[in-house]
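Worksheet for the structure shown next.
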Amino acid sequence: MENAAIFGWALLWILFWGALGGVVTPRIYARKDLEISQASFGGAVIGAALGPFSLVPLWIASPKITGRLIGIAIAIVIGIFVASFALADPDNLCVANGGFVISQLTNGIVIGIIYGLMALGLTLIFSILGVVSFAHGEFYMIGGMVTYFMSAVWLPGVSPLVAILASCIVTFVIGYIFERIFLRPMGSGEIERPTEYAILVTFGLAFFLQYFTQALTSAVPVKAQRFFPFPRVELPAESGTLLKMTPGNVTIFDAISVPNPRFTAAVLALIMLAALLWFLYRTWVGKALRAVSQDRQAAAVTGINPNSMNTLAFSMGAMLAGLSGASLVQVFSWLPQVGIPAAARSFVIIVLGGMGSLPGAFLGGLIVGLVEAAGTGCIPDATRAAAYIPAYSMVILTLVLLLKPTGLFGREL
Amino acid sequence: MLRLTSNNICKNFGGLEVLKDVSFTVEGPELIGLIGPNGAGKTTLTNILDGALKPSSGTVYMNGERIDTRPPYGVARAGLGRTFQVTRAFRRMTVLENLLIPAMAMRATARQRDFEEKAQEVLEFLTISHLRNEYARALSGGQQKLLELGRLLMLDPQMIILDEPFAGVHPRLMDVIYRYITEINAQGKAFIIISHDMDTIFTLSRRLLVLNYGDLIADGDPEVVREDPVVKAAYLGEDEE
Amino acid sequence: APQAETVGEAEPAAEEAAAAPTEAPAEESSDDMSMEPIKIGALAPLSAPGAVVGGEAMRDAMLIAADVLNARGGIMGRPVEVIIVDTEGLPERGTAVVERLINQDGVVGIGGGYHSSVGVAAKEVARDNGIPIVFAETWNDTITSVQYDEIFRIAPLSSEVSAVDVNFIQWLRDENGMKLDKVVILTENTDYGIPAAENTTALLDGAGIAAVTFSVDIGTQDFAGIVERVKAESPDMIVILATGEASYNFTQQAADAGIGPQDVPTMCNQVSLVSDAFWVNVPDGNNCFVRRIGLPQKLYNDVAQELVAEYSDRTGKDDIESYAMASYDSIMLIAQAIEDSGSTDPGDIIDALENINHMGALGPITFPINRSNTPEQAGVDPKWWHQFPDPAITIVQYQEAGQDAVDTAVVYPDVYQTDPPVIVGQE
Amino acid sequence: MLAITDLYVGYYRDLNILQGVSLQAEGGKITTILGANGVGKSTMLKAIYGFLRPNQGQIRLNEQDIIDVPTHERINMGISYIPQQPGVFRFMSVEENLELGAWTFKNDKNRIKRKLAENYERFPDLKPRRKSNAGELSGGMQRMVEIGRTLMTDPKLILVDEPTAGLAKLLSEEVYQMLVDLRDRDGLTILLVDQEIRSALKIADYVYVLELGRNKFNGPAEDFTDLEKAFWVG
Amino acid sequence: MNPTAIYRVAGSIAIVLLLAIPFASSELGGVGPLVLSSYFMHLAITAFFYAILASSWSLLAGYAGQFSFGHMAFMAIGGYTSGLIGKFFRFTTAPSELCTDIPLLGNWWLVILNIRRVGTIDESCLDMARAETLPAGTLIVFPPVWASIAMGLVMGATFGLLVGWLVLRLRSTYLALFTIGFSEILRASISAEIPITEGQSGLELVPLFPGGLLGFTSTSKIPPYYAMLLLFLLAMALMTWLAGSRFGLFIRAIREDEEAAAALGVNIVRYKVLVFVITSTLAAAAGALQGHYIGIITPNTLIILQMSLVIAMAVIGGLENIYAASVGAIVITFALELLRTSINIGPLHVDMTLWRLVFFGLLLMLTLRFQRNGLLFPILERISRGGVAEETVSIREESEEDWEEEVEVDQLEDSPSDSGEESAG
Ligand SMILES: Nc1ncnc2c1ncn2[C@@H]1O[C@H](COP(=O)(O)OP(=O)(O)OP(=O)(O)O)[C@@H](O)[C@H]1O
Ligand SMILES: Nc1ncnc2c1ncn2[C@@H]1O[C@H](COP(=O)(O)OP(=O)(O)OP(=O)(O)O)[C@@H](O)[C@H]1O
Ligand SMILES: [Mg+2]
Ligand SMILES: [Mg+2]
C-alpha cells in the first residue's frame with residue numbers, strides 16, 4: 001500500500017458518517033412524525049455515501065426512504081470504497097491487472113454457485129420449520145465422505161453419479177431420522193421454547209456426526225477423482241486463444257480459466273438448482289412444501305399434513321447439503337472437520353439473503369463467493385490475505401445483522 | 001390528576017392502515033370501554049399507548065409529558081399499565097416472583113421482602129393466595145389472567161388498559177375481575193377496557209370508544225353510543241335505515 | 001550493568017521444583033524391582049486439530065518399539081510399557097497430558113512429539129518435574145536453544161531444514177541452469193510454518209533470490225484466490241511449507257489452475273511422502289520435489305530394515321515415515337539410557353542420554369553438545385544443545401504419476417543422487 | 001347429518017372454551033351459529049374439522065363418531081373448512097392455489113381438470129387472473145380463491161367462518177348468494193359462523209346462538225326477527 | 001429440614017471438601033492412603049475453570065435466555081489481554097528512548113514494547129535499549145500478574161458491554177449466529193496477527209505466582225488450585241447473590257417474555273447489557289487465570305469444539321441452574337479425562353479417545369430431548385420445591401370454605417415440568 005492513508009481516511013469517513021446517519025436519522029424522522037422503519041438503515045447508507053452533503057439535505061427534506069434511494073446510496077458507498085482503494089494502492093493486482101480481476105470474478109462466481117446450493121438447503125429448512133440447523137455443515141461433510149467412499153473404496157470405478165446418489169440417500173435418511181425423533185415433538189407443544197431447543201439439539205447433532213465420522217474414518221484427508229474430465233480441445237486449433245481444454249482445466253479467451261472439478265461442481269449445482277426449482281414449482285409435493293411455508297393452517301385445511309412436510313423439508317435440506325459436499329469432494333481434500341467453515345458460510349449466506357428466501361440464498365452465495373475472492377485477491381499483505389479467509393464472510397454477517405437483520409430479500413418461497 | 005391525550009394517532013403496517021387519526025383524552029379516574037370488530041386496531045392502539053409500538057404519526061401525552069417516544073418500561077414508570085390479549089405470565093417463575101417484578105422495577109433500591117406482604121394482600125384480593133409458590137405455567141388460563149391483573153396492582157399505575165379481560169374466563173372468575181375493576185377504579189385509577197362482551201361493557205363502562213377498522217367512530221356515553229346508527233351498522237350489519 | 005531481577009522469570013525456584021516430585025516414581029522402583037513394568041511416555045497427536053495422520057504413524061512405530069523391547073526381555077529384566085497420549089496438537093493439552101504421564105502414570109522418560117507448539121509447552125512441564133523428553137518430530141529451534149537439561153531432540157532443526165531447501169534451490173539454479181529469480185512460499189500461519197518461511201526467505205535473500213510469502217489459515221479449503229495471486233507473481237519455483245490437507249489442497253488446486261508441479265518446479269510439503277494419501281488428494285502432483293528426512297530406503301541400516309519390515313506388516317505401508325522412524329528411535333533411546341545407567345532415576349537417565357551412542361534406525365545417534373560440552377565451549381549456536389547433529393536430509397522427486405514414495409528418485413544431494421531432477425516449465 | 005353433543009374443547013388442557021355445547025346440522029340446510037366475539041364459535045369449527053381435540057363430548061357425522069379420525073381423512077369424508085383468517089398461498093398463482101385444494105386426489109388429473117373448470121365457471125373473475133399470485137388479488141377475490149379451493153374436494157359439509165369479514169357490501173352479497181347456490185343447486189350442508197347477523201339470518205335455515213361457551217338459544221331462522229332482544233341485552 | 005438449610009449444609013460441606021483437597025495431594029504427602037497426584041490437581045483446576053464458564057453461560061443462556069455462542073471468545077479476551085500486557089508492557093525507572101515511553105509518577109515510566117516485524121531479526125526494543133540507551137541501575141519491572149489479570153477483566157467487561165449492546169435487538173437464532181461470527185472473527189485475527197499474538201504458536205504467559213507463594217514454587221499446583229477455587233467460589237457467590245436479587249428476577253422475566261417485562265417497568269436494555277457484561281467478565285477472569293496457570297494460550301481455545309464442551313456441560317448439568325451447570329462441568333471434565341482409554345469388547349478394540357466424544361454428543365442430544373432441565377437440576381429442584389405442592393394444597397383447603405364451589409384449581413397436582421398446555425393450533 002503506497003498511500004494507505006487515503007484508504008484509511010475514506011474508510012473512517014464512511015464509518016463516521018454512516019454511524020451518525022444511522023443514529024440521528026431515525027430521531028429526526030420520528031420527530032417529524034414520519035415512517036421510521038427504514039430510517040436507521042437508510043440514514044446509515046446515505047450518510048456513508050456522501051457524508052454531510054447527503055445527510056443535511058436528507059434531514060431537511062426528509063423524503064420517504066425508498067429501496068431505490070438506498071440502492072443508489074449503496075452503489076455510491078461501494079464506488080467510494082473502490083476508488084479510494086485504487087488510489088491508495090495503484091499497483092495492486094486488483095487495480096492494475098484486468099486478467100487477474102476477471103479470473104477472480106470467475107472464481108468467486110463459480111464457488112458462489114456451489115455455496116448457494118448448500119445455503120438453499122438451510123433456507124428450505126428454515127422456511128418450513130422456522131429453525132436454523134447447526135448441523136448443516138456435517139451433512140455437507142457426510143455427503144462428501146459417502147461419495148468418496150462409494151467411488152474409491154466400496155465400489156471402486158462406480159459411476160460418480162451413483163456415488164452422488166448414495167450420498168443423497170444417506171444424508172436424506174439421517175435427516176429424516178433426526179427430524180422424526182428430535183424435531184417432531186416441537187410442533188406438538190411438547191417442548192418449551194422450541195427455537196432455543198432447536199439450536200442446541202442441532203448443535204448436538206453436529207457434534208455427534210462429526211466425531212462419529214472421525215471415529216469411523218480416522219482423519220486422513222481424502223478426495224474423489226475428477227468426476228468428468230474434460231476432453232482435450234483447442235479452438236481454434238493453432239493459437240488456442242478462444243477455448244482451450246485439458247482434462248483438468250478450461251481456458252476461454254486466454255484469460256478466464258476454470259479448473260475442471262470446480263466447473264463440474266458448479267454445473268452439478270446448477271442442475272440441482274434447476275431440479276429443485278422444478279420440484280418446488282412443478283410437483284405436487286413441492287407445491288405442498290411451498291404452501292406450508294406460506295400458510296400452515298391453510299395448507300392443513302387442504303389436507304396436507306404439515307408435520308410430514310417438516311420431515312421432508314429437513315431431510316431435503318440435509319440432502320442438499322450432502323449434495324454440495326458430494327460435488328465438492330472432487331475439488332477439496334475432505335476431512336471430518338470440513339463442515340464447520342462451510343456451515344458458517346451458509347449461515348452468512350442465508351442471513352444475507354434474508355432467512356427463508358430461496359432467491360436470497362442463491363444471490364447471497366454469489367455475494368459471499370465474490371467477497372471472499374475480492375478479500376483474498378485484493379488485500380495487499382500476502383501473509384494476511386488468505387489468513388483472514390474465514391473472517392471475510394463473518395464480517396459481512398456482522399454488518400448485515402447490525403444494519404439490516406431481515407437481509408436483502410424479504411421472505412419468499 | 002391523571003390526564004392522557006392521544007393526538008391524531010396513525011399507524012401503518014406496510015400498506016395497511018390500522019389506525020387513522022385516532023384522538024381522545026382521558027381525564028381523571030374514568031372507566032372507559034373500547035369496542036370494535038376483530039382487527040379494528042384495538043390491540044394496536046394499546047400497544048401504541050404503551051410504547052411497545054411507535055405511531056407512524058401522532059403523539060401521546062400523559063400528564064403533560066410526551067410518552068410515545070419512550071420505551072415501554074418508561075411508559076410503565078410514567079404510570080400506565082396494561083394486560084395482554086393473550087396472557088403473558090412469566091411461566092417459569094412462581095406466582096410470587098411474577099408479582100414482585102413490577103414492584104421492584106419501579107423502585108431502584110427496593111428489596112424483595114419489602115413487597116412480599118403487599119403481594120400477599122394482592123393475591124388474597126384476587127383469591128389465588130394459595131398458589132403463591134406455584135410456577136405460573138401451572139395456573140389455568142383464567143388464573144393467569146388474574147395474575148396479570150395482580151401484577152398491575154403491584155405496579156400501581158395511574159391508568160390501566162385491559163385487553164379482553166373477560167375472554168375465555170370462567171363466570172366465577174369473571175366476578176372477581178369485575179370486582180377488581182370497580183374497586184380499583186373507585187381508588188382513583190382510570191381504566192380502558194377492551195372487550196367483546198357487550199353485557200359487561202355496557203354495565204361496567206361509563207364512557208365508550210368504538211373503533212371500526214382504524215376509525216374512531218364513536219366516543220361518549222354508552223347509552224348514546226348504543227343508539228348511534230353508525231355503530232349499529234358496524235355491529236348489526238347493514239341497517240335499512 | 002547491575003540490573004534488577006525481572007519479576008516475570010522464575011529461574012531460582014526451578015531447581016527445587018525439579019527435585020521434589022520425582023520422588024514418587026523413584027520410590028516405586030526401589031521397593032518393587034521384580035515385575036513392575038518400566039513406563040515410558042509417548043506423545044502423539046491423535047485427534048483434531050492435531051495432525052492425526054502423523055500421530056497415528058508415530059503411535060504405530062512406538063508400539064512396535066515397546067513390543068521389540070519386551071521381546072528382548074524388557075529393560076533390566078523388567079517389562080516395558082509405552083503409554084501413548086493424545087496431544088490433540090494443542091499446547092494446553094500437551095502440558096496436561098505430560099503432567100498426567102509424569103504424575104499419574106509415573107513414566108521415567110517421554111518420547112515422540114509432533115507439533116512444535118506442543119513441544120514448546122511440554123518442555124516446561126518436563127523441566128519442572130525433571131523427566132527427560134526425547135523429541136522425535138518437533139522442529140522449532142527454541143526447544144533446544146533454551147538448553148534445558150531434560151530436553152533432547154532427534155528431529156532436525158527447523159533452520160537447518162530451511163538451509164537444505166535453499167541449498168537445493170541454489171543447486172538447481174547453479175548446477176542445472178534453471179532460471180531462478182523469484183520463489184513463492186506458501187506457508188501456514190502456525191508455529192511451524194511462520195518461522196520456517198522466515199528462515200527460508202532470509203536464506204533465499206542471501207542467495208540473491210526474491211521470495212514472496214503467502215500464509216494461510218490451516219483448515220482453508222479453497223485456495224483459488226491465492227492460486228491466482230501466485231500465478232500473477234510468475235514465480236520460477238513454488239515452495240509449500242503448509243502441512244496436512246492444506247498442502248494437498250493447494251498443490252492440486254495450483255495444478256488445476258496450470259501452475260502445479262507439472263508446470264512450475266514445486267517443492268511439495270513433506271506430507272506428500274505419504275504416497276497413498278498424496279495421490280488420492282493430488283492426482284496431478286507428479287514432478288513434485290519433496291524433502292525427505294532420513295536416509296533413502298536403499299541405504300537403511302539393519303535396525304531400520306527390521307523396523308520397516310515390521311511396520312509394513314502392521315500398517316500395510318511400503319515405507320516408514322521419517323517421523324515414525326524417529327519416534328521409534330526416541331523410545332529405544334530412552335530404553336538404552338535406562339540400561340546404560342542401570343537405574344530408572346530420571347537424573348541418571350539424563351546423564352546416560354548425554355553420553356549415549358545408540359545405533360538407531362536413523363543411524364548412530366549421539367548428543368555431542370551437552371553439559372560437558374556446552375555450546376559456548378564448542379563455539380556453536382545454542383540450538384545445537386542436546387540435538388542429534390546429523391539427521392540425513394535428501395530431496396526426492398516423484399517422477400511418475402502414482403509412484404510409491406519408496407521408488408522416488410533421490411535428486412539431491414549429489415552423494416545420494418539416483419536420478420537427475422526433472423525440471424519442468426523451462427523454455 | 002352432523003350432530004354434536006355436550007362438547008368440551010379448549011386450547012389449554014385445563015381451560016375449556018366450549019363448555020357443553022350441543023348442535024345439529026341437517027343435510028342440505030344452512031345452519032348458522034351466532035354469538036358475541038370470543039364465545040367460541042371458531043373454536044367449535046376447529047374441533048369439527050379436527051384441529052382441536054375435544055376434551056369431552058361427541059362429534060358424529062352421519063351417525064359415525066369422527067373424533068378419532070385424523071384431519072386429512074375428514075376431508076375424504078366430505079368435510080371442508082373455510083377458516084376465519086383468510087389463508088391463500090400468497091406467493092402461488094391462483095391456479096396453483098385451486099389445484100392444492102385437490103391434494104387428496106392429486107393423481108386424478110381428469111377430476112382436477114373438471115373441478116378447475118367448474119370453479120372458473122363459478123367465479124368467472126378468477127379466470128383471467130389465474131396466473132397471478134394470489135397475494136396480489138383483492139381481499140374479495142382472495143376469498144373466492146379460498147372458497148373455490150375448498151370446493152375442489154366435492155365436500156358434503158362445509159364449515160364457513162365469517163366469510164364476508166372485511167368484504168365490500170356488493171361482494172359479500174355475492175358470497176351469500178354463492179352459499180345459497182351451493183345449498184340449493186349442489187345440495188351441500190353448510191355450517192356458517194357469522195357476525196353479519198342480518199345477512200346471515202336471511203339465508204339461514206336454522207340458528208344457534210352461543211354465549212360464553214354454552215348454548216343460549218336455538219331455533220328456526222324465522223324466530224329471530226327481534227334482533228335487539230336477541231343480541232344486545234340477552 | 002427445609003430446603004434452604006439442606007442447601008446451606010451441602011454447600012458448606014462441599015466448600016470444606018474442596019478446600020481440603022490439596023492436603024491430600026502428593027505435593028503435601030497425601031492423607032493416609034489417599035495421595036492425589038498433581039495430575040489430579042491439574043484436572044481439578046481445569047474443572048473449576050470449566051465450571052466458571054459453564055455456570056456463567058448458564059446465567060446468560062439459562063436465566064436470561066441469551067443463547068450466545070461467544071462465551072469462549074470472552075474467555076480468550078481475558079487470557080490474551082493479560083498475556084499481551086505481560087508481553088508488551090514494562091515499568092522502568094528511565095525512558096527507553098527506543099520503545100514507546102509514557103511517563104508515570106515519580107521517575108517511573110511505562111514502556112510499551114514495539115511490535116515485532118515478521119521476516120526480520122526479532123529483537124526487542126527493550127533489549128536494544130538495555131544495551132544502548134538505558135542508564136546503569138535502571139529497574140525494569142514486569143507488570144504484576146494480578147494487574148494484568150485485572151486488565152483482562154476490564155477488557156472482558158468492555159467487550160461484553162459492546163456485544164451486549166449490539167445484540168440487543170437480536171433474538172435467539174440471530175443472536176447465536178452473531179456470536180458465532182464474533183468469535184470466528186476473533187479467532188481468525190488472533191491466528192493472523194502473529195507479530196502481536198504469536199498466532200497458532202500461542203502466547204506465553206508468566207506463571208500465576210512468578211516468584212512462588214508461601215514456599216510453594218511457581219510450578220506447584222497448590223497456589224493455582226486455591227486461586228482458581230477462590231475465583232470459582234467468588235463467581236458462584238456473586239451469581240448466587242445476583243440470581244436471588246432483582247437482577248435475577250428481571251433477567252428471568254426477560255427470558256420468559258421481554259415485552260411483558262418491559263410493560264411492567266423492567267428496564268430491559270439495561271439488564272440485557274448487564275448480563276452480558278457480568279458473564280463476559282467472569283469468563284474473562286477464568287480465561288486470564290487459566291492462561292497464567294497453563295502458561296500458554298492459543299487461538300484454538302476459540303474453536304467451536306471448545307464452545308460445544310461448555311454448552312454441553314451446562315446442558316447436561318442443568319441449563320437453568322448455575323449450581324447444576326457447574327457441577328455438570330466438574331463431573332464432565334473428570335469423566336472425559338477418565339474416558340481417554342481404550343477398551344476391548346470381546347474381539348472389538350474401541351479407542352475411547354475418539355468414541356467418548358461421540359457418546360458425549362449423543363448424551364447432549366438425548367438430554368435435551370428427554371430431560372430438558374438437565375440430569376442434575378431435577379434433583380435440586382425436588383429438594384428445593386418438595387414442599388410447594390403440599391403447601392399449596394393445604395392453604396387451598398383452608399380457604400375452601402370461602403369457596404363453596406370448585407374453582408379451576410384442579411391442575412395443582414400436575415408436575416411443574418409438564419407443559420402440555422401449549423397451544424395446539
Ligand atoms: N405487527 C403487525 N404487522 C402487520 N399487521 C399487523 C400487526 N399487528 C396487527 N396487524 C394488523 O392490524 C390490524 C389490527 O390488529 P389489532 O390486533 O389491533 O386488532 P384488534 O382490534 O385488537 O382485534 P381483535 O379483536 O381480534 O383483538 C389487523 O388487521 C392485524 O392483522
Ligand atoms: N390459539 C388460541 N390459543 C389460545 N386461546 C385461543 C386461541 N384461539 C382462540 N382462543 C381463545 O378462545 C376463545 C374463543 O375464541 P374463538 O376464536 O372460538 O371465538 P369466536 O367465537 O370465533 O369469536 P370471533 O367472533 O371473534 O371470531 C377466546 O377467548 C380466545 O381468546
Ligand atoms: Mg386485539
Ligand atoms: Mg371466530
Side-chain angles (χ1 to χ4, degrees), chain A residues 93 97 99-101 103-104 106-108 110-111 148 152 210-211 214-215 218-226 246-249 251 257-263 328 331-338 340-342 369 372-378 381-391, chain C residues 45-53 55-56 184-189 194 197 212-233 242 244-258 260 262 271 274 276-284:
Chain A
L93 287 172
N97 186 338
F100 178 78
V101 173
S103 304
Q104 289 290 49
T106 321
N107 275 333
V110 168
I111 202 79
Y148 165 76
Q210 188 184 328
Y211 285 97
Q214 184 169 334
S218 93
V220 186
V222 296
K223 178 155 149 192
Q225 298 303 304
R226 281 193 278 267
T246 60
N249 202 297
T251 310
S257 109
V258 184
N260 164 291
R262 266 168 219 266
F263 184 83
L328 282 182
V331 185
F332 302 133
S333 291
W334 221 250
L335 279 172
Q337 288 80 35
V338 293
I340 297 171
E372 286 191 355
T376 26
C378 303
D381 184 346
T383 55
R384 290 211 168 77
Y388 272 111
I389 288 180
Chain C
L46 293 172
S47 49
V52 184
V53 189
E56 289 178 343
V184 162
I185 301 173
L186 183 99
T187 190
E188 58 185 29
N189 60 354
I194 296 297
V212 183
T213 302
F214 289 88
S215 104
V216 298
D217 195 47
I218 41 172
T220 304
Q221 274 194 320
D222 184 5
F223 288 92
I226 292 296
V227 167
E228 286 300 331
R229 283 182 77 159
V230 172
K231 208 175 183 177
E233 298 280 349
E245 72 277 12
S247 140
Y248 294 151
N249 270 323
F250 176 80
T251 316
Q252 180 56 37
Q253 288 175 36
D256 285 341
Q262 296 173 14
V271 293
V274 186
D276 291 343
F278 178 69
W279 291 115
V280 164
N281 286 284
V282 192
D284 297 326

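Each chain gets a letter, A, B and so on, in the order its sequence line appears, and its residues count up from 1. Worth knowing before you read on, the calculation uses all heavy atoms, side chains too, and leaves out hydrogens, waters and symmetry mates. The shown structure was predicted, so the numbers you read here are calculated from the model rather than taken from an experiment.
- When all heavy atoms of C:D256 and A:P261 are compared, the closest pair comes out as OD2-CG, 3.5 Å.
- Counting heavy-atom pairs closer than 4.5 Å to chain C, the top-ranked of the candidates A:N107, A:I340, A:N260 is A:N107.
- In this structure, C:N281 and A:S333 approach most closely via the heavy-atom pair OD1-OG, 2.7 Å.
- Note: A:S103 leads A:P336, A:S103, A:A374 in heavy-atom pairs under 4.5 Å with chain C.
- In this structure, C:E228 and A:T106 have side chains that are not in contact, with every pair of non-hydrogen atoms separated by 4.5 Å or more.
- With a 4.5 Å cut-off on side-chain heavy atoms, A:P259 and C:Q253 do not count as touching.
- No side-chain heavy atom of C:E245 sits less than 4.5 Å from a side-chain heavy atom of A:K223.
- For the options A:W334, A:Y148, A:Y211, A:F100, heavy-atom pairs under 4.5 Å to chain C are most numerous at A:F100.
- Looking only at side-chain heavy atoms (C-beta outward), A:I111 and C:Q221 stay at 4.5 Å or farther from each other.
- When all heavy atoms of C:N249 and A:V331 are compared, the pair lying nearest together is OD1-O, 4.2 Å.
- Rounding to the nearest 0.5 Å places CG of C:D222 at 6.5 Å from CD1 of A:I389.
- For the residue pair C:P283 and A:Q225, the shortest heavy atom distance occurs at CB-OE1, 3.8 Å.
- Between chain A and the options C:N189, C:V274, C:T213, C:D276, the largest number of non-hydrogen pairs under 4.5 Å is found for C:T213.
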